[in-house]
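Below: one structure, written as structure tokens.
Below, chain A is the first sequence line, B the second, and so on; all start at residue 1.
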Amino acid sequence: MDYQFKDIEKKWQQFWADHQTFKAEDKTAKPKYYVLDMFPYPSGAGLHVGHPLGYIASDIFARYKRLKGFNVLHPMGYDSFGLPAEQYAIQTGQHPAITTETNIATYRRQLDQIGFSFDWSREVRTSSPDYYKWTQWIFMQLFNSWYNKDADKAEAITKLVEHFEQNGSAGINAVCDDEISRFTSNEWNAKSPNEQQSELLKYRLTYLRESTVNWCPALGTVLANDEVKDGFSERGGFPVEQKKMMQWSMRITAYADRLLKGLDTIDWPEPLKEMQRNWIGKSVGASVRFTIEASPKSSPKERTLKNGEANSLSFGEGRGEAIEVFTTRADTIFGTTFLVLAPEHELVAPLTTPEQKGAIDAYIAQAKKKSELERMADAKTVSGAFTGSFAINPVSGEKVQIWIADYVLAGYGTGAVMAVPSGDQRDYLFAKHYHLPIIPIIDIQNIETEADPTKEGHYINSGFINGLTYKEATAAVVAKLEEIGAGKAKVNFRMRDAIFGRQRYWGEPVPVYFKDGLPYLIDEKDLPLVLPEVDKYLPTESGEPPLARATGWNYNGLPYEHSTMPGWAGSSWYWYRYMDAHNDTAFASEEAIEYWKDVDLYIGGSEHATGHLLYSRFWNKFLKDIGKVVEEEPFKKLINQGMIQGRSNFVYRLVDELGRGTNTFISHGLIKGYHTVPLHVDVNIVDNEILNLEKFKKFRPDFADAEFILENGKYVCGVEVEKMSKSKFNVVNPDDLIERYGADTLRMYEMFLGPLEQSKPWNTNGIEGVFKFLRKFWRMFHNDAWDFRVSGDEPTKAELKSLHKIIRKVEEDVERFSFNTSVSSFMIAVNELTDLKCNKRAILQELVIVLSPYAPHICEELWTLLGNEAGTLSYTPYPKFNPAYMVEDEYAYPISINGKTKMNLNISLSLDPSAIEAFVLANADVQKYLDHKAPKKMIVVKGRIVNIVL
RNA sequence: GCUCAGAUGGUGGAACUGGUAGACACGCAGGACUUAAAAUCCUGUUCCCGUAAACGGAGUGCGGGUUCGAUUCCCGCUCUGAGUACCA
């Protein structure tokens, strides 16, 4: 039979499903290997050809590992809570669960036809109550925990309560809110339960607090920082504004240092680690308190610190008014010539003198009007206003002006900076613009035209640190600040606590009810707290989230939390559920976690760098702290597959004098000299940039009578690389390719396209080559009449060499995730063996095993035709490479003169360098090049090259 | 601006530790088979000089360097892509 890929693929997909071929064992003597893909959000559009790229790579790896004798866990599931299904529900009234169900069915059908070796018995869906029961359970554990800095781990809140009862707040070193109170054990015990609860909330790892959030009015919800791009929502592109709201937050900042340190222990792409490092944004410096000189007119109330300011000082207490700044260059403190506050800083109003009030109010009003985008675009223009007040430099005693300017961000550090114009370019420009003093503080500093942030040289104009070096000065200043109580060494993080509530319907309900305005967990036995039915998926008239619409939805008469969890909740632990997907007494059993431990290989896109991948590491560390999992890091090795971009084709429509489009289309090579407009044309009716004219006429009704100006009888289309999207007519659907070429061809072609990690535009042009390869491979097992025919003869040396070459090559390539090069090598092997007319079982049977991870269907079929027991190929041992077959006794040495290769000479590999040298020099052709001159030098590298230097 | 990644034929890409640059494929050109088409097979295909071949020259973004030898290592630059941004 000819290569009937449709029958073969259908047959084997059915076989694998029927026999649960890829079901992973939980108890086996084999070593475990966990290969994980980032599970998809099942969108209505289905898969395009870019989606399966990573899945194919991981599937090849998983299948390869099975051949190598590992017990492989290779699961798949759906991250099925999310905005699109809900938006669709708002528009149509269809329950998101139904939309989700339909989309999952589409995904499953598409995935199944690609022939993945997923263990579907472990499928998870984040929107299923059996699953989100455990997401809620983890939320409860976080609520019941606090972060003990002394132990550097999360501990039970009951332990904290015990401490309070016995010792009060003394001796507690926690990551907590800024405004905590100090109390003795007696004071604690005298507190009402409500007072105790509200105090504890300041310590819990998930907590409720009024905070400034990214509010997206169009979506009616808050968004996390990583869901906002340049002031617009990542999904939908709607404007986002800042708003104060009571919100659930996750105290991820408690783990900032561990998240940073852990990066050094995992095998992830360096750019990805770098992104996480930047996101965490650790800066080491000092916090410095500048006292305010003139007593302001109105006394500011007790200073409140910024959101997420986890461990700041509270110098203001009982010491008079002060402005606290954060600096990474405490050494430059003598160069401070003014202070700058963010316009939103709470001390701005009390500091503003009556004379300056007009200017300050005008500036604040103007700054408020600026959108995030304008403010960024405006980055180069200097603007600000003087408050009229002064502050005292704590080490120099110098009196400096206090200004406000929007180059200081309210959300970072303390929202105030000490301006050192000699060392900081922004301060420099500001000082120049407003004619403020600039004092050089380092002897080698050059501040003629710009600030010089050097750390070299010795200090001048700097009091007690004059003459010191950078290192000495920093230490001396920090020591002095601590001595006089005006500051201390401090580490600042850019990362904020993660907002954990969404005012949406289609997410996990938060397992919390309210009593006297305080949140309490529901009883664990009442989990899962199932999403209630609502009449509409919109906020209520009073602006409450959709869950407020649910009638009779309460906890023993007390109201539930109406926010739901954000999209990343369910994906922050899902890899553990696969280990034990049907457990209803734990998120996964201890034994399962002890056996599978962590993910050995995780493949997915780098777009999750600062979202999913960071939150997952955070939850994992927390689960480790409370003893529920065994590894500090969840994903040992991670590979980013590159993005598949779209490749759009264009036709060029001729435009008449009036600027109207005509019905004439000009081939790309001829458009110069004509007035044309480019139009996207469906890439599926273009083959190697040649437009199929008949299909084009049917593409759109108004093209039916299109006319063409052709080049060489063909219409050549233009090409551009863009995002793959329906509106650009550049979406290539895997279903169509599978229909034409089969899944094995698609799998191999996706790998053949280029290195996995590289982004590249999709181009179907080369797929024929892979298809031809598979047919050629099939033909090796058949005679001219398409009868299956293999010979039992002993293989020749050449045949064995080809085979063992590919055995070794695929091993090396798969281990370093270089799948594209193995596809080439398969082609070379099949070309060689075809040339040798090899149809020997001894060779072909091994070759089938080696190819099977890439093209599993055809290999299973041939394996069965070869007379092996059906369906067992997946667990057959990978052939053993035998170097003996690779041994050559001769090698064609390239002979180069001055590094330029001139010829090849066959020389026995047993000769040593001096013998080779003699042999080469004796050669007549070599002598011709030498032209009777003696070579200056000869380099002989055995088994590699001979170079003659003239 | 900063950080990271990258730049090789008409195209996708290969060359893993410095050792024959362009493997493998696409495309293109020519040919075989065929009434024809499809399928299949064969030959050629980096560029320049040259009638083809032989021979010769240039060549891995640009300019230098190290080396017997550089796509690979070092220095400087250009461009492309990604991330990030008044982060004090």
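- Among the protein residues, Lys282(A) comes within range of no part of the nucleic acid, since none of its heavy atoms lies under 4.0 Å from any strand.
- Across all strands shown, Asn831(A) has heavy atoms under 4.0 Å from sugar-phosphate atoms exclusively, and none from any base.
- For the C1' atom pair drawn from G27(B) and U78(B), the interatomic distance equals 31 Å after rounding to whole Å.
- Residue-level contact check: Arg775(A) touches the backbone only, with heavy atoms under 4.0 Å from sugar-phosphate atoms and none from bases.
- The residues Arg277(A) and Asp264(A) are annotated as salt-bridged, a charged nitrogen and a carboxylate oxygen being separated by less than 4.0 angstrom.
- Nucleotide G9(B) carries a syn base; the chi torsion (O4'-C1'-N9-C4 or O4'-C1'-N1-C2) is within 90° of 0.
- For C87(B), the OP1/OP2 oxygens have a side-chain nitrogen or oxygen of Arg426(A) closer than 4.0 Å.
- The residue Lys936(A) sits apart from the nucleic acid: no heavy atom pair falls under 4.0 Å.
- If you check every strand for non-hydrogen atoms under 4.0 Å, Phe752(A) touches a base.
- Residue Arg277(A) places no side-chain N or O under 4.0 Å from the OP1 or OP2 atom of U84(B).
- Counting any heavy atom pair closer than 4.0 Å across all strands shown, Thr901(A) reaches sugar-phosphate atoms only and no base atom.
- Not one side-chain nitrogen or oxygen of Asn278(A) sits closer than 4.0 Å to the OP1 or OP2 atom of C4(B).
- Separation of the Tyr3(A) and Trp786(A) ring centroids does not fall under the 6.0 Å cut-off.
- Among the atoms of the strands shown, none is found under 4.0 Å from any heavy atom of Asp813(A).
- Within 4.0 Å (heavy atoms only), Pro269(A) reaches no atom of the nucleic acid at all.
- On the P atoms, G65(B) is 31 Å away from U46(B), given to the nearest whole Å.
- Residue Ile939(A) is classed as a base contact, given a heavy-atom separation below 4.0 Å to a base.
- If you take atom C1' in C79(B) and the same atom in G44(B), they sit 35 Å apart, rounded to whole Å.
- At a threshold of 4.0 angstrom between heavy atoms, the contacts of Val941(A) include nucleobase atoms, whether or not backbone atoms are also involved.
- Between the side chains of Asp744(A) and Tyr854(A), not a single donor N or O lies within less than 3.5 Å of an accepting N or O.
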(request) Quick one: do Gln641(A) and Gln758(A) satisfy side-chain contact (heavy atoms from CB on, under 4.5 Å)? Show the steps, please. (result) CA-CA 7 Å; Gln641(A) 92 270 23; Gln758(A) 193 172 303; over 6 Å; no
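- U34(B) is unpaired under the Watson-Crick or G-U wobble criterion, no partner having all donor-acceptor distances under 3.5 Å.
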